[in-house]
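As structure tokens, the structure follows; a few thoughts come after it.
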Amino acid sequence: MNNVITRFAPSPTGNLHIGGVRTALYNYLIAKKYHGKFLLRIEDTDRERSKEEYVQDILQSLQWLNITWDQLVFQSQRSDLYINHLKILEEKGSVYKCFCEKDRLEALRKDQMEKKLPIKYDKKCLLNPAPNHGSFVYRLKNERHEKIIIKDNVLGEVTFDPKEFDDLIIRRSDGTFTYNYVVVIDDIDLKITHVIRGVDHLNNTAKQILLYEALGKSLPEFAHIPLIMGSDGKRLSKRHGAASLLEYKTAGFLPEALNNFLARIGWGYKDEEIFTLDELLQKFELNSINPSHGIFNYEKLLWLNGHYLSKKNPAEIISLIKEQLGVAIGDVPASLIELIKPRSKTLQELYDQLLFYVNDEITIQDDAKKMIPPEMIKPAQDLIEEFKANSEWNKQMLEQSFQKVITKHSLKLVQLAQFVRAAVTGKKASPGIFEIIEILGKDRTIRRIESATHFGME
RNA sequence: GGUCCCAUCGUCUAGUGGCCUAGGACGCUGGCCUCUCACGCCGGAAACACGGGUUCGAAACCCGUUGGGACCA
């Protein structure tokens, strides 16, 4: 395939979400797989609802995921193009002006509903043109009788009866153009070879084919990809959790995980689960996309994120925390990050487990308080004495000190370890206790155990 | 309501007529490891929606039914 050009065409009327991102990703993959171009087209013709902040959200989201575009166009800057093509259609006699008023159309619709007929315009202004007066819309003549067959790369052949379709309005009475019209004009003008979009546009595609034909243009390849549903099987929305992609960024997910996860909803390759962007470019194919819709599986996203997190080195993690969570944690030993990494699925989780080291003060969580019972105060004080009596501070020395104390008091290691864990981290779970306090340091460890013994006496 | 799409474990998928006693992954679960929690390792439960065909043989092909979804209204 040569000169492949794909596009992602969001309207900036809200934050970019998961479903949109996947559409963008698929378009990007196909373009790059065949060494073509991927365009980003902002469909901002609805001036009322389009907002600059949403444009920024879309651009930032895609950049974050490394879905890079070769060209960026705004529909609002292309109205000459739409006007010119309307002239062409007018000269060809493919469109006509319709002066029918709202009241008439509503009455017509009501009548058709009562008679259970398909609801569509009756072509009055085409068949019996009235004298030109008042405001009017442009409609596309739909005189096609043969079936419309969409040759879809995902669904196979999909057939529509053109009788189902109205004479499509392409310009409204206020002079603005309709969605299906501008999409087709842009796709033609930008030489889009592959239109890859959600199945929710399948009906639109049929209507748009009529426009391609009226303009005498050949059709691009179509691929209608299945939608992503929430866990209840309904269309993904705010109810199902994070609505915008950038919320995943601030929650500490990695772009690699999101890309991998989104590619795998509706697509698979052998037994494989882990795909980098490069591997996706190798292996992804439109015709291997599953035609049935997929459900957003948050647990699997978490697992993937944990996987990619484990591949990052400590320095990368520190800078990712700063970049994505917006917090600077200063110098944290690499060894500590390595200990916490396998215990974290997201950057946020990892950061939370770092706080006992980063902060001077800790608070002991409720569920950890029972780890410091009064009868453990004396052993804890003995442990402190052991620490103070010893000039060294390393894992071997720490193990010996713990051993001495538990032998003296006939304790199990778990009792003392949990006491110290709660005292030092404020939590009932953490990495290995010797590793933790070795990294935390002698002074801070002793101070925290001391304050826990005070707490235990209250 | 009309039109269209879809259908393999709870979820994402492998499967392109015999390699299927249906494979992998997440999740769930039993065990090992162990100072806690993870990680890791070893096991387990769990699916071809239903009914008809076609075929020597159907998860796979065809037709219905049922269920889910999208769009339009």
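Note on naming: letters A, B, ... go to the chains in the order of the sequence lines (proteins, then strands), and numbering restarts at 1 for each one. Keep in mind that this is a model prediction, so the values were computed, not measured.
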- request: Starting from the 5' end of RNA chain B, give me the residue, A/Glu164 or A/Gly294, whose nearest nucleotide shows up first.
  value: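 Result: A/Glu164.
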Using whole Å, report how far [atom1] of [X] lies from [atom2] of [N].
X	N	atom1	atom2	answer
A/Tyr298	B/rG10	OH	C1'	19 Å
A/Ile295	B/rG10	CD1	P	12 Å
A/Lys120	B/rU3	NZ	C1'	12 Å
A/Phe160	B/rU3	CZ	C1'	7 Å
A/Ile225	B/rC6	CD1	P	15 Å
A/Leu304	B/rU13	CG	P	13 Å
A/Glu157	B/rC6	CD	P	12 Å
A/Tyr269	B/rC12	OH	P	22 Å

Contact class for [X] vs. all strands (heavy atom < 4.0 Å): base, sugar-phosphate, or nothing?
X	value
A/Phe296	nothing
A/Thr159	sugar-phosphate
A/Gly306	nothing

Across all strands, who's sitting opposite [N] as a Watson-Crick or G-U wobble pair, both distances under 3.5 Å?
N	answer
B/rG67	B/rC6
B/rA14	none
B/rC37	none
B/rC61	B/rG53
B/rC28	B/rG44
B/rA22	none

If I pick the [atom1] atom on [M] and the same atom on [N], what distance separates them, to the nearest angstrom?
N	M	atom1	result
B/rC37	B/rG30	P	13 Å
B/rA7	B/rA59	C1'	12 Å
B/rU11	B/rC50	C1'	23 Å
B/rC61	B/rU54	C1'	8 Å
B/rG1	B/rC63	P	24 Å
B/rG10	B/rA73	C1'	35 Å
B/rU13	B/rU8	P	9 Å
B/rG15	B/rG23	C1'	9 Å

field: Under-3.5 Å donor-acceptor pair between A/Lys270 side chain and B/rA14 base
entry: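 Answer is no: no donor-acceptor pair is held.
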- request: Can you check whether any acceptor in the base of B/rG24 is under 3.5 Å from a donor in the side chain of A/Glu273, or vice versa?
  value: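 Indeed there is one.
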Closer than 4.0 angstrom, basic N to acidic O: yes or no for [X] and [Y]?
X	Y	value
A/Asp443	A/Arg448	no
A/Asp382	A/Lys408	yes
A/Glu316	A/Lys311	no

message: Base contacts versus sugar-phosphate-only contacts with protein, heavy atoms under 4.0 Å: please encode nucleotides 66-73 of chain B as B, S and - from 5' to 3'.
response: --SSSB-S
task: List the protein contact pattern of nucleotides 28-49 of chain B with one symbol per nucleotide (5' to 3'): B for base contact, S for sugar-phosphate-only contact, - for none; contact means a heavy-atom distance under 4.0 Å.
output: -------BBBBS----------
Residue A/Glu299, side-chain heavy atoms: nucleotide from B/rG24, B/rG27, B/rC4 that is nearest: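 Taking heavy atoms from C-beta onward, the closest nucleotide is B/rG27.
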A/Gln396 atom CD, neighbour heavy-atom count above 12 within 6.0 Å: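 Atom CD in A/Gln396 is not packed in, count stays at 12 or less.
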task: Check the surroundings of atom CG in A/Asn394: do more than 12 heavy atoms from other residues, nucleotides or ligands lie under 6.0 Å from it?
output: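 Yes.
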When you measure from the side chain of [X] to the backbone of [Y], do you find a donor-acceptor pair of N or O atoms at a distance under 3.5 Å?
X	Y	value
A/Asn27	A/Thr23	yes
A/Arg7	A/Ala24	no
A/Thr453	A/Glu450	yes
A/Asp167	A/Tyr121	no

- prompt: A/Thr176 and A/Arg172: side-chain donor and acceptor closer than 3.5 Å?
  reply: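 The criterion, which ignores hydrogens and geometry beyond distance, is satisfied for A/Arg172 and A/Thr176.
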- prompt: Would you call A/Ile329 and A/Tyr357 a side-chain contact if the rule is heavy atoms closer than 4.5 Å?
  reply: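 SC-SC contact between A/Ile329 and A/Tyr357 ruled out.
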query: A/Arg139 versus A/Val95: any side-chain heavy-atom pair under 4.5 Å?
result: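 A side-chain contact under 4.5 Å is absent here.
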